[in-house]
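Basis for what follows: all heavy atoms, side chains included, without hydrogens, waters or symmetry-related copies. Computed from a predicted model, the values in this text were never measured in an experiment. Naming convention: chains lettered A, B, ... in sequence-line order (proteins, then strands); numbering from 1 in each chain.
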Amino acid sequence: MAKARGAIVVDIEKCKGCEVCVVNCPTNVIRLTREVNGKGYHYAYMEVPEACIGCANCAVVCPDGVITVYQVKE
Amino acid sequence: MAKARGAIVVDIEKCKGCEVCVVNCPTNVIRLTREVNGKGYHYAYMEVPEACIGCANCAVVCPDGVITVYQVKE
Amino acid sequence: MNLKDIIKPENLVYSKTPLLTDNVMSYCPGCSHGTAHRIIMEVIEEMGIQSETIGVAPVGCSVLAYDFMNIDMAQAAHGRAPAVATGIKRCWPEKYVFTYQGDGDLAAIGTAETIHACNRGENIMIVFINNGIYGMTGGQMAPTTLPGMKSSTSPFGRDVATMGNPIKMTDLVAQLPGTYYVTRQAVHKPVNVRRTKKAIRIALENQKLNKGLSFIEIVSSCNSGWKMTPVQANIWMEENMIPFYPLGDLKVDGELVKK
Amino acid sequence: MNLKDIIKPENLVYSKTPLLTDNVMSYCPGCSHGTAHRIIMEVIEEMGIQSETIGVAPVGCSVLAYDFMNIDMAQAAHGRAPAVATGIKRCWPEKYVFTYQGDGDLAAIGTAETIHACNRGENIMIVFINNGIYGMTGGQMAPTTLPGMKSSTSPFGRDVATMGNPIKMTDLVAQLPGTYYVTRQAVHKPVNVRRTKKAIRIALENQKLNKGLSFIEIVSSCNSGWKMTPVQANIWMEENMIPFYPLGDLKVDGELVKK
Amino acid sequence: MRELRLMKGNEAIAEAAIRAGADAYFGYPITPQSEVLEYLMAEQPMERTGMVVLQAESEIAAINMVYGAAATGKRVLTSSSSPGISLKQEGISYIAGAELPCLIVNVVRGGPGLGTIQPSQADYFQSTKGGGHGDYRLLVLAPASVQEMSDFVKLGFELAFKYRNPVLILSDGVIGQMMEKVELFEQQPRVTTFDPAWTVTGKPKERERNIATSLDLDPYRQEKHNYKLQAKYKAMEENEVRFEEFDCKDAEYLIVAYGSSARISQKAVQLARAKGIKAGLFRPITLFPFPKQEISALASQVKGILSVEMSAGQMIEDIQLAAAGKVNVQHFGRYGGVIPAPDEVLEALELLISGGSK
Amino acid sequence: MRELRLMKGNEAIAEAAIRAGADAYFGYPITPQSEVLEYLMAEQPMERTGMVVLQAESEIAAINMVYGAAATGKRVLTSSSSPGISLKQEGISYIAGAELPCLIVNVVRGGPGLGTIQPSQADYFQSTKGGGHGDYRLLVLAPASVQEMSDFVKLGFELAFKYRNPVLILSDGVIGQMMEKVELFEQQPRVTTFDPAWTVTGKPKERERNIATSLDLDPYRQEKHNYKLQAKYKAMEENEVRFEEFDCKDAEYLIVAYGSSARISQKAVQLARAKGIKAGLFRPITLFPFPKQEISALASQVKGILSVEMSAGQMIEDIQLAAAGKVNVQHFGRYGGVIPAPDEVLEALELLISGGSK
Amino acid sequence: MTEEIIIAGFGGQGVLSMGKILAYSGIMQDMEVSWMPSYGPEMRGGTANVTVIISDERVSSPILNQFDSAIILNQQSMDKFESKVKPGGVLLYDGNGITRHPERKDIKIFRVDAAEEAARLSTTKTFNMIVLGGFLKIKDVVKMENVIKGIKKSLPERHHHLIKVNEEAIKRGMEIVYPVKN
Amino acid sequence: MTEEIIIAGFGGQGVLSMGKILAYSGIMQDMEVSWMPSYGPEMRGGTANVTVIISDERVSSPILNQFDSAIILNQQSMDKFESKVKPGGVLLYDGNGITRHPERKDIKIFRVDAAEEAARLSTTKTFNMIVLGGFLKIKDVVKMENVIKGIKKSLPERHHHLIKVNEEAIKRGMEIVYPVKN
Ligand SMILES: Cc1ncc(C[n+]2csc(CCOP(=O)(O)OP(=O)(O)O)c2C)c(N)n1
Ligand SMILES: Cc1ncc(C[n+]2csc(CCOP(=O)(O)OP(=O)(O)O)c2C)c(N)n1
Ligand code: SF4
Ligand code: SF4
Ligand code: SF4
Ligand code: SF4
Ligand code: SF4
Ligand code: SF4
Ligand SMILES: [Mg+2]
Ligand SMILES: [Mg+2]
């Protein structure tokens with residue numbers, strides 16, 4: 001099975017920092033920032049980008065649909 | 001089993017001549033009169049009184065509750 | 001033996017309960033409502049609970065039930081009897097409270113009130129007269145009108161594709177945890193009348209013991225609405241209504257009856 | 001490999017469907033409504049039926065669904081979405097019509113409309129967001145609130161003896177002949193989101209084929225109403241709501257699923 | 001070609017709905033208007049014109065089905081009688097708030113509560129001042145004949161679409177149940193085009209999505225929306241006032257009555273004239289907008305006004321507002337289902353003239 | 001002992017209900033009045049006084065539960081806000097028709113339709129003229145403070161039983177949501193005796209059966225019943241008019257306003273007086289019966305009347321009817337959820353004085 | 001010409017349809033008509049009555065409490081409507097079931113024993129047409145040809161074979177009606 | 001004496017409860033009070049504000065658009081309410097998150113960096129009490145003892161152990177508030 005590498009882009013201003021993506025990432029890629037966005041929310045970012053496999057689980061569960069996922073099969 | 005003899009009294013003015021008693025008498029005691037009562041209904045009467053066994057079936061199904069039943073066990 | 005010898009007070013075996021008033025019932029000849037009224041009143045008389053019973057009749061042919069039932073009653077808006085009964089019973093938990101509702105009332109406009117009173121398990125008795133039609137307003141299609149059955153608003157017969165299926169409310173409420181006793185009966189024959197009366201007795205005994213809601217459907221005829229004679233209507237009912245709405249207990253002592 | 005090398009248009013595997021507008025959703029962080037909205041819009045996009053779809057959202061947190069779903073919509077009175085959808089669908093049988101309703105809406109005030117639209121077999125899809133609470137009005141008890149569960153109108157926990165039992169509407173409507181597909185899903189985990197999305201697809205495909213009503217319950221969380229963090233709420237939901245409202249199909253192709 | 005029929009008012013409503021090209025009817029039985037649904041069901045309008053007719057599970061479901069169909073730009077109506085119309089009040093307020101066109105028929109019966117099934121006009125306030133919540137108005141047409149029951153269905157749809165507002169036909173058990181000669185208008189085509197500016201028909205690429213809603217949580221935007229509604233009602237007041245006069249030219253005493261009361265009062269005016277009393281009848285056809293100016297003018301001319309209603313006195317307030325103290329306005333009514341006879345009206349008029357009151 | 005609390009209007013309603021010895025509350029959540037039910041649930045009134053509190057499945061169920069409980073002579077209330085009150089109209093008409101005493105609270109929000117959840121006074125017509133069908137009236141109390149939210153619950157029950165008629169407390173989002181100091185009245189005992197003449201409590205041997213009904217199919221009997229109702233409403237008009245005056249003695253210009261508008265207008269009167277304008281405020285406390293005579297008298301005294309309402313102008317009709325053309329009556333309102341500020345009211349008053357109008 | 005008629009009897013006697021045929025006949029004769037029934041909870045026996053007005057002019061009130069003619073078919077209706085006939089007017093009644101015969105001196109009284117006749121002819125369904133015939137004999141408000149047209153219009157197509165029978169019944173009614181001296 | 005105050009900020013900053021404590025303190029001081037919140041669909045972040053009036057006399061309008069004092073806790077509120085302070089009135093604000101500072105010359109402007117202070121003390125929950133302290137320093141509408149009584153009344157019994165912390169926060173606010181020259 002080809003290994004895949006992935007990356008996500010979070011729409012920072014729309015992220016509400018709910019952490020649902022964080023707990024649903026199979027490879028523990030995501031964390032919330034310490035800083036807050038314009039709405040006062042700590043937003044999601046890739047803390048361990050290299051672990052991302054582009055499975056889109058995070059995007060699929062994100063209630064606000066603010067995650068875009070990219071994937072490259074290696 | 002003791003044989004029973006029965007009799008019914010129909011409240012003529014309240015009888016609506018629906019015939020429900022007629023078809024539910026096990027011994028075919030009841031018929032409707034040719035004459036009508038004050039409301040214009042042919043009312044029920046004992047056509048074959050000697051056949052009545054006082055089972056009260058007629059009274060039990062009479063929608064207007066106008067039948068009174070008497071019974072003597074012979 | 002002479003009739004005179006039989007017709008004597010000491011030989012009386014059946015007479016109208018005094019809990020029915022002397023008013024001539026406003027129902028059409030042969031209408032099931034009369035029989036249903038009578039047996040409810042008989043049970044209340046037998047249990048000696050006239051002074052502790054409150055009835056609720058909403059709109060429908062039986063809207064004037066209070067003219068015939070010699071008990072305190074509240075007339076309810078169309079479909080709302082279960083809510084009215086809830087209001088009464090919650091304030092008077094020690095009284096016997098029942099509703100007496102038609103199929104248009106209970107299964108159309110009153111669906112939400114029926115389902116929720118059953119679901120809450122209000123400790124009341126619901127008597128549900130299912131005659132497959134809106135009797136009072138002139139024979140329109142009811143939620144329980146059979147497929148193909150004619151009525152003034154289904155003059156070519158109920159077309160289930162556009163008008164929907166007849167609804168079996170009794171089966172539905174049996175599914176709800178709040179109902180304790182659910183049964184379907186009829187009153188067109190003596191044996192059925194006696195069974196239905198027994199069901200009413202069970203329901204009121206349950207109520208005394210605070211068991212929750214008892215729901216008694218009575219499959220009935222509406223000869224006027226069906227445009228038949230009373231006797232024809234009862235036969236038609238037996239041949240058509242009862243196969244669709246089979247008689248018997250659906251839930252006893254809070255347990256669904258296995259089929 | 002560098003992130004820049006991955007984040008390229010040709011490597012895109014998931015992005016928000018354009019059928020969701022760019023408005024920030026008014027829901028609380030982590031609310032299930034957002035996910036449910038998105039997958040409905042994804043299916044509509046995938047089926048290419050945006051111009052043939054009409055949505056109906058009644059009162060509830062999702063009353064503003066029309067701000068987020070980029071389709072024609074009608075906002076309905078509390079509980080009446082199935083009636084509004086019936087009005088639309090009957091006039092436009094060739095369009096796709098769906099309702100999107102909360103548990104307070106669908107299972108309390110809207111009980112009659114829900115039951116009867118299902119019973120008539122209106123050829124629509126009902127999406128039922130069951131979060132066990134009245135989210136919009138501030139966390140009051142819903143008909144689906146679990147026994148013992150706290151809410152602003154059951155501050156000491158739902159007492160079934162006085163407040164009634166939680167009602168399983170999905171089980172009820174599955175009993176009705178008018179429903180063709182009835183399922184209960186969730187959206188708290190990727191696998192559930194994918195299953196729910198598939199269910200929505202099936203429902204809309206059924207609608208195309210005129211099969212009757214499809215009913216999709218989504219067991220959801222309302223972290224605000226439950227007074228938990230979103231993640232806690234999802235865990236609580238899994239541990240408490242789902243055992244009571246077990247996931248899976250209840251009726252497929254018009255046949256009840258045997259358990 | 002003139003097509004003459006003897007029809008009940010209720011049947012005329014139903015036949016006129018089909019002919020006016022209505023797309024849908026949603027209703028629930030209630031006396032004295034069940035013939036509307038019954039007639040429709042018997043006529044098989046789906047076969048005749050493709051019109052949808054559905055017996056709803058309740059009046060509330062019916063009015064919300066109307067809301068749905070109306071939101072899509074279809075021509076839709078419902079009918080009921082007093083208790084059923086009360087149940088529709090929330091829905092009517094929504095329809096008015098969302099500015100959807102539709103037709104609602106109330107064949108009024110005696111109240112309050114379950115009351116009686118006999119005719120009444122005691123729903124005037126509910127109809128004209130808004131029985132539902134919020135500042136909205138229905139355009140209210142009051143037919144006084146079976147002919148008008150038919151004509152006002154067509155007119156009602158036109159006005160409903162002109163203003164994007166619900167139109168109420170306020171009838172009663174007399175007009176609903178009586179039969180008269182009706183000249184039926186010809187079959188109109190059903191609508192086939194839907195205003196892309198607001199109809200909820202599915203969003204094509206070319207336009208923004210359409211939304212039918214009465215909600216705006218922002219009070220300032222909501223207020224703006226309300227201003228727009230008020231402007232519309234004002235326009236109705238300017239353009240849509242309809243009325244009829246009998247013998248008003250030289251009248252010294254005026255009866256104001258609508259619907260079946262107007263018919264009865266017309267006879268009373270004939271009886272009065274026969275006795276030498278210079279009586280006239282003013283019949284408002286639109287109850288909202290109310291013919292305020294016309295009555296105000298007549299109030300300057302006459303010595304007294306008698307408001308005849310089958311109610312305890314509701315329209316009298318609008319007459320008094322129009323008369324603004326210029327002349328004595330007195331009420332005569334039978335109600336709770338009782339219909340006044342022409343000679344009773346005459347008596348009441350004579351009482352007014354003699355300066356007495358009940 | 002004075003018991004002072006800082007409470008929301010909605011909470012005051014709830015606490016007062018318990019203290020007034022209410023037997024039952026049936027309601028359904030809706031903003032801005034959900035605190036009534038929430039407060040009750042938190043207070044466990046079953047433990048405190050034996051009072052029943054039940055969250056119904058809908059407003060319609062709630063009002064019919066009220067009907068049931070009221071029929072038995074119990075002291076029962078419900079509360080809701082505009083759309084929910086519209087849904088209750090059939091039930092209210094039944095309660096009025098059956099002459100049952102009860103208390104209904106409407107914490108009005110902006111309409112029509114779903115509108116907004118912000119405060120409004122646009123349900124005046126519905127409340128005072130009968131949003132339901134038939135000739136009936138509610139006795140309508142309009143509190144202008146949290147204190148009155150509490151006091152009028154007690155008063156409302158008294159009046160409801162005095163007249164065997166539903167009493168409506170017409171409040172709004174301002175009064176419901178604001179907190180003020182309240183002096184709570186002492187706990188009243190719950191009712192323990194039930195009038196054998198009409199309460200449906202189970203028929204003992206000694207009396208005829210009692211029936212709660214609004215039905216009488218015979219129109220003549222129904223009319224008689226209606227006459228009885230009208231006589232009752234007349235008695236209310238004679239005995240129950242309540243109002244409050246501020247600076248009316250020497251007023252040249254009068255503001256008429258109720259509820260929260262009256263509070264705002266009072267400030268406007270202060271501002272006006274500070275500017276040398278002889279303004280006064282007349283606050284109707286009962287909206288039905290309306291203080292017609294009092295306003296009529298003031299209409300003879302002042303040079304102009306400004307009706308201030310959070311609506312497009314509803315009470316103004318009652319003021320005009322009272323003024324009967326004697327003086328110019330003008331409307332000022334913000335609506336759809338917008339609350340006017342005192343200086344806007346002052347501006348409108350100055351406009352009236354200068355002879356202008358909007 | 002304006003003729004204001006009340007027809008009153010039991011439900012089931014064909015009161016409403018007699019009125020309807022009369023009204024339709026009026027239309028056929030190019031006149032204005034109104035037909036106003038009393039109505040009650042349907043399907044419940046009891047009394048039935050209908051006010052029919054036939055006029056050259058637009059009909060004002062369809063509701064009246066004074067009539068040019070009263071057609072009375074049972075005792076209750078007699079009690080209620082005898083007094084409501086205008087002086088000089090006509091009262092026509094079927095004697096069957098009438099226990100108190102009309103007593104007014106200032107009106108013209110006629111009797112048609114239609115029930116008896118219908119029973120005799122074994123065509124109970126034509127009862128109301130016999131009565132109608134009796135009425136038309138006394139008051140020719142509408143011409144016979146228009147009555148036939150009226151019947152045609154009021155009967156559904158599938159019942160058109162009954163027109164003949166009805167026509168004969170009307171004629172029979174015309175024969176058997178007779179004035180009552182009092 | 002009448003003091004008309006607006007307190008405005010984000011939901012969650014304790015705006016409403018600060019107002020409630022102020023109002024309760026007024027009652028403890030035997031004054032008339034009113035507390036009128038803006039309200040929206042509940043449970044949805046966004047802005048929150050409350051008008052508190054404390055007076056010797058019965059309060060007339062609980063709704064105002066001119067205030068003696070404005071307590072402003074975020075930028076949106078600054079934009080909305082700066083202009084609504086009466087000339088000569090007071091504007092108190094927390095600088096955290098403020099991007100456009102107040103500019104009026106005809107009012108007295110004060111600043112209390114309560115968010116910062118609360119974060120420093122690791123007692124974020126006392127944020128609103130620090131602000132309150134700042135306000136009371138500038139405007140002693142209610143005496144400290146009555147404020148304590150007010151807190152006691154507005155907190156449920158089970159939270160009474162927090163009174164001490166709150167009192168200290170108020171005192172801290174009094175210390176760190178300062179006038180802004182402009
Ligand atoms: C709100 C409302 N809608 C409609 C009616 C008219 N209505 C009276 S009874 C009835 C239905 C009667 O049918 P059902 O409940 O089956 O009773 P039945 O007469 O058959 O015994 C209807 C529609 C009404 N009174 N109130
Ligand atoms: C007639 C009416 N009653 C009550 C309300 C208030 N209300 C709005 S939404 C709602 C319930 C929301 O709960 P739910 O349907 O479960 O949706 P959620 O917000 O939980 O998604 C209520 C009671 C209303 N808008 N209209
Ligand atoms: S799930 Fe979405 S909204 Fe929530 S934290 Fe992750 S990216 Fe942000
Ligand atoms: S795409 Fe998959 S691996 Fe990457 S962050 Fe999202 S959930 Fe984690
Ligand atoms: S069942 Fe009763 S009403 Fe019917 S015919 Fe027999 S006695 Fe008469
Ligand atoms: S009592 Fe029995 S046997 Fe006698 S008549 Fe009645 S049914 Fe027949
Ligand atoms: S109409 Fe039907 S239900 Fe009503 S009384 Fe007649 S037979 Fe009975
Ligand atoms: S209140 Fe609950 S349902 Fe509503 S948006 Fe917030 S989390 Fe979602
Ligand atoms: Mg029925
Ligand atoms: Mg919910």
Side-chain angles (χ1 to χ4, degrees), chain D residues 18-19 21 26 41 44 48-60 63-97 99 109-120 122 124 136, chain E residues 22-26 46 50-76 78 88 90-95 97-98 100 102 132 190-191 194 196 198-217:
Chain D
L19 265 68
T21 66
S26 51
M41 290 303 106
I44 292 173
I49 56 171
Q50 180 188 27
S51 65
E52 299 158 61
T53 303
I54 300 171
V56 182
V59 200
V63 67
L64 288 171
Y66 55 67
D67 276 350
F68 317 122
M69 298 183 177
N70 194 11
I71 55 171
D72 276 8
M73 289 194 82
Q75 189 275 312
H78 192 28
R80 317 307 174 192
V84 171
T86 298
I88 296 172
K89 184 74 182 184
R90 290 288 177 130
C91 286
W92 298 89
E94 70 288 6
K95 304 265 173 183
Y96 295 84
V97 177
T99 71
I109 191 170
T111 304
E113 287 76 12
T114 303
I115 297 271
H116 282 278
C118 288
N119 191 57
R120 282 191 306 266
E122 297 297 335
I124 60 172
M136 170 166 233
Chain E
D23 298 295
Y25 170 95
F26 302 101
M46 179 54 83
M51 176 184 177
V52 170
V53 180
L54 182 63
Q55 178 172 334
E57 64 269 32
S58 70
E59 290 88 354
I60 290 186
I63 193 71
N64 284 286
M65 290 173 185
V66 166
Y67 178 98
T72 72
K74 294 275 183 174
R75 244 177 238 159
V76 55
T78 185
K88 292 183 201 267
E90 188 206 23
I92 291 174
S93 178
Y94 267 72
I95 292 172
L100 302 179
C102 72
R190 288 177 52 227
V191 282
F194 301 91
W198 63 272
T199 59
V200 174
T201 54
K203 179 205 169 309
K205 290 266 167 320
E206 320 81 72
R207 67 158 168 81
E208 284 298 289
R209 68 190 183 285
N210 283 335
I211 297 156
T213 184
S214 60
L215 174 73
D216 201 327
L217 286 169

Side-chain contact test, heavy atoms from C-beta onward, threshold under 4.5 Å: evaluate it for [X] versus [Y] and give yes or no.
X	Y	result
E:Y94	D:V84	no
E:L54	D:R90	yes
D:Q75	E:S214	yes

Measure the [atom1]-[atom2] distance between [X] and [Y] for me, rounded to the nearest 0.5 Å.
X	Y	atom1	atom2	answer
D:K95	E:T201	NZ	OG1	5.0 Å
E:T199	D:D72	OG1	CG	7.5 Å
D:D67	E:R209	CG	CZ	6.5 Å
D:C91	E:M51	SG	CE	9.5 Å

Between E:V52 and chain D, with a heavy-atom cut-off of 4.5 Å, which part of the residue counts as in contact: side chain, backbone, both or neither?
side chain

Sort [X] into side chain, backbone, both or neither according to what part of it lies under 4.5 angstrom from a heavy atom of chain E.
X	value
D:I54	side chain
D:A76	backbone
D:V56	neither

Taking only residues two or more places apart in sequence, or in another chain, which ones meet D:R120 in a salt bridge (charged side-chain N to carboxylate O under 4.0 Å, His left out)?
D:E122, E:E57

Exercise: identify the closest heavy-atom pair between E:A61 and D:E113
N-OE2, 4.1 Å

Testing the basics here: between E:N64 and D:A83, what is the closest heavy-atom pair and its distance to 0.1 Å?
CB-CB, 3.8 Å

Partner chain D: residue of E:L100, E:V76, E:D23, E:T72 with the largest heavy-atom pair count (under 4.5 Å)
E:T72

